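Just so we're clear, the structure is a prediction, and the values are computed from it rather than from any experiment.
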Amino acid sequence: GILISLAPAFLSISLLIRILDGKPVLFKQKRIGQFGRTFTIYKFRTMVQNAEALMQNERNIHGRNHYLFKDHDDPRVTRLGKFLRRSSIDEFPQFFNVLLGNMSVVGPRPALPTEVKKYDSIYERRLIAKPGITGPWQIGGRSDLDRQTSVALDLNYLLHWSFHKDLVYVLNTIGSIVRGKGAY
């Protein structure tokens with residue numbers, strides 16, 4: 001139902017990306033999901049086409065060797081991409097991941113393979129659940145969070161999971177999107 005209702009928005013955004021920034025429309029990346037299974041995550045592309053090759057030239061706000069690369073003023077992000085990220089519209093294609101069974105609507109943040117390689121036994125616990133489109137990191141600070149805080153939020157989520165709390169996360173995510181804090 002959600003995908004059908006979002007179809008006009010998907011089409012419009014896809015056309016805008018294609019017209020303004022060219023192909024491809026979707027960004028695909030390997031992530032680690034439930035029980036350590038690798039899957040492909042889908043997002044609307046928000047960066048220039050050769051963004052990965054240009055990454056070495058940019059500054060990472062989390063430090064040079066951090067597994068997450070974030071820069072408040074990353075020049076690789078397109079004008080349309082800035083809007084898509086601030087509004088979290090770039091995340092909409094992840095509903096396909098939910099449909100495919102790789103993700104859930106709420107859960108731990110989908111981990112990068114380089115991140116999982118650095119996990120110890122405590123952090124590995126976050127792999128017992130499907131990663132989510134939203135979750136504690138989304139309302140707790142998004143890209144502004146450091147690794148330790150992000151994982152701590154995920155582990156706390158898993159320890160205290162409830163359907164009611166998932167509903168609260170979904171509602172709070174809407175507020176985070178409206179505020180745009182930590183989205184870049």
Side-chain angles (χ1 to χ4, degrees), residues 2-31 39-100 102-103 105-107 109-115 131-147 149-150 153 169-184:
I2 292 176
L3 287 176
I4 291 170
S5 64
L6 290 175
F10 274 55
L11 182 60
S12 299
I13 294 161
S14 296
L15 286 172
L16 275 173
I17 293 170
R18 178 78 165 90
I19 291 166
L20 297 174
D21 300 323
K23 292 182 189 176
V25 169
L26 291 178
F27 171 74
K28 302 173 192 173
Q29 188 177 50
K30 294 294 180 199
R31 296 290 178 104
F39 71 99
T40 301
I41 196 170
Y42 301 99
K43 296 182 179 190
F44 283 119
R45 183 171 61 85
T46 60
M47 292 188 159
V48 296
Q49 294 171 357
N50 61 341
E52 293 294 316
L54 298 172
M55 188 166 66
Q56 287 77 358
N57 301 329
E58 302 308 321
R59 182 184 67 84
N60 187 355
I61 64 165
H62 294 299
R64 192 123 188 96
N65 296 321
H66 198 276
Y67 59 89
L68 288 180
F69 183 89
K70 293 292 179 176
D71 180 353
H72 292 287
D73 300 311
D74 192 335
R76 300 171 307 149
V77 179
T78 66
R79 280 183 53 200
L80 178 59
K82 287 178 184 178
F83 167 75
L84 295 175
R85 285 179 172 207
R86 254 192 327 273
S87 61
S88 293
I89 292 172
D90 64 319
E91 311 282 346
F92 282 7
Q94 289 175 37
F95 283 105
F96 288 111
N97 288 108
V98 173
L99 189 65
L100 294 169
N102 300 318
M103 293 179 68
V105 175
V106 182
R109 188 182 54 74
L112 292 163
T114 54
E115 174 184 358
I133 296 173
T134 189
W137 83 97
Q138 189 80 1
I139 61 170
R142 300 163 97 177
S143 295
D144 290 336
L145 298 175
D146 60 35
R147 175 181 183 238
T149 304
S150 177
L153 286 170
Y169 280 120
V170 169
L171 294 173
N172 285 333
T173 297
I174 295 166
S176 292
I177 290 169
V178 169
R179 288 188 301 280
K181 185 177 182 331
Y184 41 89

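- Here the closest non-hydrogen pair linking Pro110 and Pro131 is CA-CB, 3.6 Å.
- Expressed to the nearest 0.5 Å, how far CD of Gln94 lies from CD1 of Ile133 amounts to 5.5 Å.
- Taken to the nearest 0.5 Å, the CH2 atom of Trp137 stands 15.0 Å off from the OG1 atom of Thr149.
- For the pair Tyr169/Val105, no side-chain contact is recorded, criterion being any heavy-atom separation below 4.5 Å from C-beta on.
- The shortest distance between side-chain heavy atoms of Phe27 and Pro93 does not fall below 4.5 Å.
- By the ring pair (Phe, Tyr, Trp, His ring centres under 6.0 Å) test, Phe10 is found to be paired with Phe44, Phe96, residues two or more places apart in sequence or in another chain being considered.
- Residues forming a side chain to side chain donor-acceptor pair (under 3.5 Å) with Lys30 (at least two apart in sequence, or on another chain): Thr40.
- The closest side-chain heavy-atom distance from Arg31 to Leu112 is below 4.5 Å.
- With rounding to the nearest 0.5 angstrom, the CG atom of Asp90 is 11.0 Å from the CG atom of Leu26.
- By the 6.0 Å contact criterion, CD1 on Ile4 is open, its count of non-hydrogen atoms from other residues, nucleotides or ligands being 12 or less.
- Residues meeting the side chain to side chain donor-acceptor pair (under 3.5 Å) test with Gln49, sequence neighbours left out: none.
- Considering only heavy atoms from C-beta on, Leu84 comes within 4.5 Å of Ile17 through its side chain.
- In this structure, Ser14 has no side chain to side chain donor-acceptor pair (under 3.5 Å) partners at least two apart in sequence or on a different chain.
- Within the model, atoms CG of Leu11 and CG of Leu6 stand 12.5 Å from one another, a figure rounded to the nearest 0.5 Å.
- Separation of atoms NZ (Lys43) and NZ (Lys28) is listed at 15.0 Å; rounding is to 0.5 Å.
- Remark: side-chain polar atoms of Asn97 are paired, donor with acceptor, to backbone N or O of Tyr42 under 3.5 angstrom.
- Listed here is the closest heavy atom pair of Gly107 and Pro136: O-CD, 4.0 Å.
- Asp21 meets the side chain to side chain donor-acceptor pair (under 3.5 Å) test with Thr78; sequence neighbours excluded.
- Of the possible donor and acceptor atoms, one in the side chain of Arg45 sits under 3.5 Å from a partner among the backbone N and O of Gly22.
- Side-chain contact between Ile41 and Met103: present, with at least one pair of heavy atoms (C-beta onward) separated by less than 4.5 Å.
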